[in-house]
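Have a look at the structure below, then the notes.
None of these values were measured; they are calculated from a predicted model. Every heavy atom of this structure was used, including side-chain atoms; hydrogens, water molecules and symmetry mates were not.
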Amino acid sequence: RSTGFSALYRKELADHMHSARFYIVFALLALTSGAAFAGALSGMQAAIAESPDFIFLKLFTVSGNAIPSFASFLAYLAPLTGIVLGFDAISSERSQGTLNRLASQPIYRDTLIIAKFMAGFTVILILSLSLGVMVAGLGLITVGVVPGPEEIARALTYLVYSAVYMSLWLALAIFFSVLSRHAATSALVSISVWIYMTLFAGMVAGIIANLVFPVNGITGYSNLLNNYLLTLHLTRISPYNLYIEAITIILNPNMRALFVTSQAAVSGAVASYLTLDQSLIMIWPHLTAMAAATLALFGAAYVKFMRQEIRA
C-alpha cells in the first residue's frame, strides 16, 4: 500500500511542480507579494510611530499608497491557488481516459485520491513558506530589524494556517472534480463558490441580520447588538472571514477580542500584548473549524470517488 502511494505521490508532485499553472500561480503570488511589500515600506514609518512594537509582523499587515497588505492579498488569492491545483484532479483523468488505467494498476483505489490531495497540500505548503521567507528576507534587508522569537513563531503560525486555508479550497476543488465530468465545470463551480464566499457572503449576512433584527424604527436601538452578533455568526460561515479573523489575532498581538466589548469588560485590564498561546486560545475555534471543513470536504470527495464506477 505504501509503495503505491509513494509512486503516485511522487508522480502527482512532479506534475504540479513542472506544470505551467504552477509557475503562473507562483509568479502571480510573488508579484502581488512584492507589491504588498512595497506598500508596507511606504506605510511603515507611520505604523511604527503609532505602535513601535512587533515591527517584523508589520511587514505582513501594513498597507500603503492604496496597495493592500500582504495578508490581505493572500486572503484573496490563496483560494485561487487551491482551486488551480485541484479543479481537474479527477475530471481530467476521466476525460482523458487515464483514470481506468490508473485504477487497473495493482494499487488500492483510495490511494489515487489521497495521493492527489497530499501532493497538492505539499505544493501549497511550499508556496506558503516560500512567500513568507521572501517577505521576511526583503524585510531584513530593507528594514534591518531582526525579529524576536515571538515574532518568528507568529509568522510561522500564520504561514501554516494559510496553508490550511488553501488546502480547504483544494479539497473543495477536488470534491467538485469528482462530481463533474469535465474540468471546466469543476473550475467554474469552484470559482463561483470562491467569489461568493469572498465578496458576497458578508453582504448576504448583513441583509439577513437586518431582516431578523431591524435597526430602523422604534425598536432599532435595542436590536443593534443582536443584529451585530447575528451578522458576525453568519459571516463566519465563510472561510474567508474565518481566515481574516484568525490572522488578525495572530499577526497583531495587541488585539484582545474578536468582537465589540463593553467598557465593563475591559475595565482594569493591563495594557499589554497577548502572548502567542493566549492568541491561539482565542482563535482555536477558527483553526479547528478550518481543519474540520477541509477534512469534511475531502472526506465527501473520498466517499463519492470510492462509490463511482470507472469505465474504460
Taking C-beta and beyond as the side chain, do [X] and [Y] meet within less than 4.5 Å on heavy atoms?
X: Asn227; Y: Asn210; value: yes
X: Val25; Y: Phe22; value: no
X: Phe60; Y: Arg154; value: no
X: His182; Y: Thr185; value: yes
X: His286; Y: Arg236; value: yes
X: Thr122; Y: Tyr9; value: yes
X: Leu59; Y: Val62; value: no
X: Ser186; Y: Phe87; value: yes

Donor-acceptor pair between [X] and [Y] side chains, under 3.5 angstrom:
X: Thr61; Y: Ser69; value: no
X: Arg10; Y: Ser6; value: yes
X: Tyr76; Y: Thr32; value: no
X: Glu245; Y: Thr248; value: no

Please name the pair of heavy atoms, one in [X] and one in [Y], separated by the smallest distance, quoted to 0.1 Å.
X: Tyr23; Y: Met17; value: OH-O, 3.2 Å
X: Leu276; Y: Ala153; value: CD2-CB, 3.6 Å
X: Ala300; Y: Phe175; value: CB-CE1, 3.7 Å
X: Gly202; Y: Thr235; value: CA-CG2, 3.9 Å
X: Pro239; Y: Met197; value: CD-SD, 4.0 Å

Is the NZ atom of Lys11 crowded by more than 12 outside heavy atoms at less than 6.0 Å?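 Above 12, so yes.
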
side-chain hydrogen bond (donor to acceptor under 3.5 Å, both in side chains), that's the test. Do Ser91 and Ser180 meet it? Break it down for me. CA-CA 6 Å; Ser91 56; Ser180 306; over 6 Å; no

Please say yes or no: joined through hydrophobic side-chain contacts below 4.5 Å, possibly via intermediate residues, are Leu251 and Leu129 part of one cluster?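 Result: yes, single cluster for both.
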
Grouping I, L, V, M, F, W and Y whenever their side-chain heavy atoms are under 4.5 Å apart, do Val178 and Met306 come out in a common cluster?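 Same cluster: Val178 reaches Met306 through Ile, Leu, Val, Met, Phe, Trp or Tyr contacts under 4.5 Å.
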
If the threshold is 4.0 Å, N to carboxylate O, is there a salt bridge linking Arg21 and Asp88?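 Here Arg21 pairs with Asp88 in a salt bridge, since their nearest N and O are under 4.0 Å apart.
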
Quick one: sort the Phe117 and Phe121 rings into parallel, tilted or perpendicular, breaks at 30° and 60°.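 Ring orientation of Phe117 relative to Phe121: parallel.
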
Could you check, using the six-membered ring where one of them is a Trp, whether Tyr161 and Tyr243 have ring centers closer than 6.0 angstrom?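 Yes, close enough.
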
